[in-house]
S.K.: 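My questions all concern the structure below.
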Amino acid sequence: MITLQDVKLQLRIDNDAEDALLDKYMRASEHYMRSAVDNYVDNEAMDMARLALITEMYEHRASEAKDFNYIVKSFIAQLQYAGGEEDDNG
C-alpha cells in the first residue's frame, strides 16, 4: 500500500502545499487500477503501477492528453495477465 510520503518521494515534492491533490490522485489511482485489473491485489507490483499512474496524472495535470504512457499501460497489462497472483512480498 502506498503512502503520501511514497508519492511525495516519487514526485520529489518536499512541501505540504499539494497534499490534498496528491491524496485525490492516490484514491483515483486505486479506483482506476481496481477497474483496470481483474483480481486486484495490493502488492509491490500494484504499488509501482499506482505510483507510475500518479506520476503521469501529476506531470500532465494541465494537459489534454487522453491516454497513459507506455509504462502505465505495460504495468496494467502485466498485472492483468498475472491474474491477481500474490508476489513474494504480498
Side-chain angles (χ1 to χ4, degrees):
M1 169 162 288
I2 61 172
T3 66
L4 180 60
Q5 290 305 89
D6 295 331
V7 172
K8 290 170 86 168
L9 182 63
Q10 170 77 10
L11 298 174
R12 297 182 178 155
I13 296 173
D14 60 1
N15 61 60
D16 299 333
E18 297 182 298
D19 284 3
L21 177 64
L22 298 177
D23 188 57
K24 288 179 184 179
Y25 287 159
M26 289 171 62
R27 289 192 312 269
S29 72
E30 181 175 2
H31 177 75
Y32 185 90
M33 294 305 290
R34 284 186 183 277
S35 296
V37 178
D38 297 335
N39 304 318
Y40 177 98
V41 174
D42 199 3
N43 59 24
E44 215 171 272
M46 187 62 72
D47 288 350
M48 291 305 298
R50 288 185 58 209
L51 284 172
L53 182 57
I54 291 167
T55 300
E56 184 80 3
M57 289 188 288
Y58 182 80
E59 290 180 351
H60 297 97
R61 62 192 175 277
S63 169
E64 293 184 20
K66 296 182 177 33
D67 204 2
F68 293 116
N69 69 22
Y70 173 79
I71 293 170
V72 173
K73 290 179 189 178
S74 179
F75 266 125
I76 292 170
Q78 290 178 31
L79 289 165
Q80 183 68 17
Y81 178 74
E85 296 174 5
E86 290 282 342
D87 65 8
D88 293 336
N89 297 318

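Side-chain atoms are counted along with the backbone in the values below, which use heavy atoms only and exclude waters and symmetry mates.
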S.K.: Rounded to the nearest 0.5 Å, how far does CG of Leu21 lie from CZ of Arg61?
M.R.: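 Rounded to the nearest 0.5 Å, the CZ-CG separation comes to 7.0 Å.
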S.K.: Going by ring-ring contact (aromatic ring centres under 6.0 Å, His included), name the residues that satisfy it together with Tyr25, two or more places apart in sequence or in a different chain.
M.R.: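 ring-ring contact (aromatic ring centres under 6.0 Å, His included) check on Tyr25 returns nothing, list empty.
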S.K.: If the condition is side-chain contact (heavy atoms from CB on, under 4.5 Å), which residues does Ile13 pass it with, not counting sequence neighbours?
M.R.: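 With neighbours one apart ignored, the set is Lys8, Leu11, Asn15, Glu18, Leu22, Tyr58.
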S.K.: Mind checking what makes side chain to side chain donor-acceptor pair (under 3.5 Å) contact with Glu59, not counting sequence neighbours?
M.R.: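 Glu59: no side chain to side chain donor-acceptor pair (under 3.5 Å) contacts found.
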S.K.: Compare every heavy atom of Val41 with every heavy atom of Met46, then report the nearest pair and how far apart it is.
M.R.: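 What the structure gives for the nearest pair is CB-O, 3.3 Å.
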S.K.: Could you measure the distance from the CG atom of Asp19 to the CG atom of Leu4? Nearest 0.5 Å is fine.
M.R.: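 It is 4.5 Å, given to the nearest 0.5 Å.
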S.K.: How far does CG of Leu9 sit from CD of Gln5, to the nearest 0.5 angstrom?
M.R.: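 Reported value, rounded in 0.5 Å steps: 8.5 Å.
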S.K.: Can you sort out the partners of Ser35 under side chain to side chain donor-acceptor pair (under 3.5 Å), two or more places apart, ordered by chain and number?
M.R.: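 Here no residue qualifies.
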S.K.: List for me each residue that meets side-chain contact (heavy atoms from CB on, under 4.5 Å) alongside Arg27, sequence neighbours excluded, and say none if there are none.
M.R.: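 Arg27: side-chain contact (heavy atoms from CB on, under 4.5 Å) contacts with Asp23, Lys24.
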S.K.: Using the side chain to side chain donor-acceptor pair (under 3.5 Å) criterion, which residues pair with Asp14? Sequence neighbours excluded.
M.R.: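 Result, side chain to side chain donor-acceptor pair (under 3.5 Å) vs Asp14: none returned.
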S.K.: Which atom pair, heavy atoms only, marks the closest approach of Met26 to Thr3?
M.R.: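 It is CE-C, 3.7 Å.
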S.K.: On a heavy-atom basis, which atom in Met33 and which in Arg50 lie closest, and how many Å separate them?
M.R.: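 It is CG-CG, 3.8 Å.
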S.K.: State the CG-OG distance between Leu53 and Ser29, to the nearest 0.5 angstrom.
M.R.: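 Interatomic distance, Leu53 CG to Ser29 OG, rounded to 0.5 Å: 5.5 Å.
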